Each structure stands twice: as structure tokens, then as C-alpha cells.
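Have a look at the structure below before the remarks.
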There are 2 protein chains.
Amino acid sequence: MTPTVPTLRDTIAEDLRTQITTGHLKSGDRLPSEPKLATHYKVSTPTVRQALALLQAEGLIEKTHGKGNFVRTPLRRITYTGGTGIPFAPDLQTTIRTTTVRARGHIRTLLKVPSNSPLTEFQCTTYEGETPRSVARIYIPRDLAPTARLASSSWPGGRDVDRTETQETVTARLPTPEEASALRISPTRTVLTITRIALNSTGRVLEAALLALPSDAADAVFTTHPTLKEETDR
Amino acid sequence: MTPTVPTLRDTIAEDLRTQITTGHLKSGDRLPSEPKLATHYKVSTPTVRQALALLQAEGLIEKTHGKGNFVRTPLRRITYTGGTGIPFAPDLQTTIRTTTVRARGHIRTLLKVPSNSPLTEFQCTTYEGETPRSVARIYIPRDLAPTARLASSSWPGGRDVDRTETQETVTARLPTPEEASALRISPTRTVLTITRIALNSTGRVLEAALLALPSDAADAVFTTHPTLKEETDR
DNA sequence: GAGTGGTCTAGACCACGAG
DNA sequence: TCGTGGTCTAGACCACTCA
């Protein structure tokens with residue numbers, strides 16, 4: 001059903017796609033310029049551009065204004081592991097900026113703290129070489145925040161306090177302009193977002209974290225060992 | 001930095017967006033036709049269409065060939081809860097088709113079974129009224145599959161066997177053509193995919209599940225209660 | 001300055017939905 | 001049949017990159 005006739009842009013995209021996947025066009029290669037592709041395929045440039053937009057959405061090519069269209073070097077996928085701090089992979093560097101902010105809006109709701117109560121905000125960016133691979137904002141009530149050992153390996157709001165539960169919500173959406181520029185991706189490329197809150201045994205929220213990762217090169221992995229409660233409460 | 005000048009399509013999209021969010025245009029309303037919008041904004045129709053494409057990507061409007069562009073009735077978000085069977089929300093109906101297939105390719109790797117070993121495949125679609133909200137393919141080695149009680153509330157591969165670990169990988173990507181038609185979404189709308197495997201205490205894979213949900217109306221929630229092992233192994 | 005992609009125009013024709 | 005959106009054309013001009 002719905003055997004719709006492939007459009008010109010689809011057939012052009014399909015042709016380029018096979019050239020890429022068969023290795024005819026290699027990683028990092030520059031594609032012919034758009035006018036050249038247009039004359040080659042005997043179509044107008046907008047049609048070529050629509051085909052390229054498809055390949056861009058699939059993550060196969062990268063467009064750079066003034067330089068050309070390039071076969072995308074496949075990014076190694078990075079993995080966010082549930083319950084941990086920030087995405088992890090070998091050879092990732094992380095920069096962290098720490099500021100103090102006042103609780104408001106969504107963050108306040110997540111942390112269940114009064115309005116304007118002081119929070120420590122960690123702005124984390126993970127890099128692979130020069131390429132940003134994830135951004136995170138982590139908020140911790142200031143009376144819980146570690147102060148002097150940010151450079152240590154232990155994570156803020158981490159394992160030294162009793163942390164009994166971590167709730168993580170995963171969604172995909174278009175990036176905010178800030179996220180797009182921080183990750184250096186096009187505003188049309190979706191990001192995988194993770195909203196995480198950590199609770200202690202009294203139900204107090206120890207931490208709220210908002211993470212964003214380019215969805216075409218990121219996975220989030222969660223491993224659950226069912227507890228007795230989960231086994232019985234249904 | 002990068003205070004790029006907003007383009008025509010951006011300003012048009014922004015105007016329509018505020019009209020929608022302020023309630024000027026209500027849920028289900030038909031937008032003026034594209035030529036009318038073009039004359040109203042004093043641009044050409046392709047420019048209007050680019051603006052509409054942005055709103056479509058954001059999930060704010062729905063385009064229907066031959067009928068018009070409509071403000072999208074915001075879909076209630078559905079939630080997939082980590083470790084469970086399929087997405088859940090009130091008033092969701094589920095259809096399940098069961099077949100027997102032979103293990104091969106990716107599925108075989110996930111289940112760690114020999115090639116061509118028999119599997120029971122559950123093809124699940126979750127509906128909210130007439131609207132499909134999730135699709136799932138669940139594979140279980142046939143010797144583990146429940147046979148006579150599919151209609152019961154217990155889930156295949158479920159809690160009656162010792163299931164000690166569930167690993168779930170969450171990604172976002174463009175839907176396959178099959179997923180797009182099954183979910184009745186445009187092939188350009190990303191889906192949130194969940195790949196889940198369940199292990200028993202011997203490490204045997206009890207189940208492999210592939211789920212896909214439209215990412216603009218779905219969340220995946222994972223709650224982890226750290227075990228002693230997780231606490232200590234770092 | 002040469003070459004590239006980004007934006008936009010002002011049309012054309014086709015395909016779909018509904019009366 | 002009519003109005004709608006979908007596809008496509010053949011240009012124009014601007015903005016960016018690099019030599």
C-alpha cells in the first residue's frame with residue numbers, strides 16, 4: 001500500500017546515498033557543487049538542495065556555507081549511562097563552569113525548592129577533540145553542593161550522600177538555539193534530552209540535571225535490576 | 001555571538017507560532033491557504049512553505065494534502081516506563097499479532113541465539129482511539145514464549161520467570177518507511193526508539209524488544225534504585 | 001575575487017480531498 | 001469540478017570561505 005512514485009529529490013538522494021554507502025564517495029569527500037549536481041541530474045538547484053536536505057537529516061552529509069557539502073565522517077556514538085553524571089566515552093574531555101543561580105520556573109519545580117532559593121549550577125560541555133558532543137546543566141541546592149573538590153573525580157551531588165533513587169526522562173526534540181550553537185549543530189537536527197532528578201531516602205531532591213546530546217550520534221542506556229518493590233507492586 | 005538576522009521564513013514562522021500559542025489560532029483550526037498567507041506576508045509561496053515546514057517539525061501544525069494546514073491538536077504525551085512491556089497511558093488500546101520467525105541479523109545478535117532458531121514475534125501497536133501511538137516488535141525464544149495466555153494481563157517474557165536485568169538503549173532517528181506508515185507520521189518526523197533486552201540470572205536473554213514512538217509526544221522514564229554493586233564498582 | 005551555499009521570487013503543473 | 005498542498009523550474013541576489 002501507498003506505493004507512491006518516488007520524486008526527483010528522492011531518486012537523487014537515493015543515488016547519492018548509495019554512492020556514499022558503497023564507498024564511491026568517501027568520508028570527508030566534498031560533493032560536487034550544487035549547480036554541478038543540478039546539471040548532472042538535469043534538475044534545478046532547489047531540487048538538488050531538497051535532496052541534500054534529506055541526506056543532511058539522515059546525518060550522511062554536512063553542509064558548510066561557502067565551502068561545500070561533505071560526506072560526514074561518521075561520529076562515534078557516545079553513550080549516556082543511566083544514573084551517572086554525564087555522557088561518557090573514551091577520549092572525551094569535559095569543561096565545567098560553576099555559577100550560583102536562584103531557583104525559578106521549571107528547575108524550581110524539579111528540585112521542589114522554594115522560589116529564589118540559591119542553587120549551584122554546573123554548565124558542562126563534553127568535547128571529543130574540538131567537537132562538542134553533549135551539553136548539560138546540573139542544578140544542586142547550594143547547601144548540598146560540594147565546594148572545594150570540583151576537580152576531583154567524584155560527581156557533584158554524587159555518591160557520598162545517600163542517593164536512593166534516580167528518575168530519568170528521555171525525550172527527543174529540536175534543540176533550543178542555545179543548544180544548537182553550543183553543540184554546533186543545525187537547529188533542525190534533533191537532540192536527545194535527558195532530565196534527571198536524584199532523590200535521597202527522605203524524598204529530598206538532591207540534584208536536577210538537563211542534558212542534551214545530538215541524537216544522531218548518541219544513545220542512552222539504562223540498566224535496571226528490579227528490586228523487591230518493583231517485583232511486587234503490580 | 002552569531003546574532004544572525006532572522007530570515008523571512010523565521011519571522012513568518014514566529015508570527016504564526018505566537019498566534020498558535022496565544023490561542024489566536026486554536027487547536028484544529030485550518031490555517032489560511034498557502035497562497036493567501038503568501039500575499040498576506042508579501043512573500044512567495046515557497047517561502048511560506050518553508051515557514052510551515054518549521055512549524056511542522058516543531059509539531060505545531062499538521063499538513064494534509066488537498067485539505068489544508070491545521071493547528072495540531074496537541075497529543076497527550078505517552079510515557080514508556082523503563083523495564084515494562086510497552087508504553088502505557090490511560091485509554092490506550094493495544095493490538096498484538098503473534099507469529100513465528102527465525103532468528104537472523106540484528107535480532108539474533110541481541111538474543112544471542114543460533115541462526116534460524118525459532119522465535120515468537122509479537123507485533124504490538126498501541127492506539128489512542130484511531131491514532132497509533134507506538135509500535136513494538138518483541139522477540140522471545142520460542143521455548144520461553146507463553147502460549148495460551150496471551151490475552152492475560154501478564155506480559156510475554158514477563159515476571160513469572162526470573163528476570164534479573166533489563167538493558168534499554170534509547171535513541172532518536174528518522175523512522176523507517178514501515179514505522180512511518182504504521183505510526184501514520186511523516187517520514188521526516190523523528191521517532192524515539194527503545195531497544196530492550198531482558199536477562200535472567202544465568203545471563204540468558206529472555207526477550208528482545210524494539211519499540212518506536214513519535215518523539216514529539218512520547219517520553220521514556222527510567223527509575224533506578226542503585227544496587228550495592230553499582231554503589232561500589234567505581 | 002572566485003566559488004560556494006543560503007535565501008527568495010514568480011511562476012508552472014500535478015495530485016489529492018471533498019462536494 | 002474546485003481548492004488545496006506537493007513538486008519543480010530558472011533564474012536573482014546575498015553571505016560566507018579561502019586564496
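What you see is a predicted model; the values in this text were computed from it and never measured. Here is how names work: the chains are called A, B, and so on, in the same order as the sequence lines, proteins then strands, and each is numbered from 1.
One can place NZ of B:Lys63 at 16 Å from P of C:dC16, the figure rounded to the nearest angstrom. With rounding to whole Å, A:Leu52 atom CG is found 14 Å from C:dT4 atom P. Atom OH in A:Tyr41 sits about 18 Å away from atom C1' in D:dT7, given to the nearest Å. The CD atom of B:Glu62 sits 18 Å away from the P atom of D:dT4 (whole-angstrom rounding). Remark: C1' of C:dA18 and CZ of B:Phe70 are 11 Å apart, rounded to the nearest angstrom. The distance from atom CD of B:Gln50 to atom C1' of D:dG6 is 14 Å, rounded to the nearest whole Å. Following rounding to the nearest Å, A:Asp10 (CG) and D:dG6 (P) show an atom-to-atom distance of 14 Å.
Looking at B:Tyr80 and B:Arg196, their side chains do bring a donor and an acceptor atom within 3.5 Å of each other. Side-chain contact, A:Thr99 with A:Glu121: a donor N or O sits under 3.5 Å from an acceptor N or O. Donor-acceptor pairing under 3.5 Å is recorded for the side chains of A:Asp219 and B:Thr171.
Salt bridge B:Asp216/B:Arg189: present, at least one basic N to carboxylate O contact under 4.0 Å.
Of the side-chain N and O atoms in B:Arg49, one or more sit less than 4.0 angstrom from OP1 or OP2 of D:dG6. Within the structure, every side-chain polar atom (N or O) of B:Lys67 is placed at least 4.0 Å from both OP1 and OP2 of C:dC16. Between B:Asn69 and D:dG5 there is a side-chain N or O to OP1 or OP2 distance below 4.0 Å.
Of the residues in residues 25-40 of chain A, not one comes within less than 4.0 Å of DNA chain D through any heavy atom.
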Between the protein and nucleotides 12-15 of chain C, which nitrogen or oxygen pairs come in under 3.5 angstrom?
from: C:dA15; atom 1: N3; to: B:His65; atom 2: NE2; distance (Å): 2.9

* Could you walk me through whether A:Glu62 and A:Asn69 pass side-chain contact (heavy atoms from CB on, under 4.5 Å), step by step? => CA-CA 6 Å; A:Glu62 198 160 355; A:Asn69 302 312; over 6 Å; no
* To do: Just do the salt bridge (charged side-chain N to carboxylate O under 4.0 Å, His left out) check on B:Glu58 and B:Arg17 with the steps written out, would you?
  => CA-CA 10 Å; B:Glu58 295 167 22; B:Arg17 196 180 291 123; 2.7 Å; yes
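Annotation: side chain of A:Thr193 is not in contact with side chain of A:Leu211 (no heavy-atom distance under 4.5 Å). Using a 4.5 Å heavy-atom cutoff, the side chains of B:Leu213 and B:Ile194 are in contact.
Counted within 6.0 Å of CZ on B:Arg184, heavy atoms from surrounding residues, nucleotides or ligands total more than 12; the atom is thus considered enclosed.
Contacts of B:Arg9 with the nucleic acid, taken as non-hydrogen atoms under 4.0 Å apart, involve only primed sugar atoms and P, OP1 or OP2.
Here D:dA10 is the nucleotide among C:dG5, C:dA10, D:dA10 with the atom lying nearest to any side-chain atom of A:Ser44.
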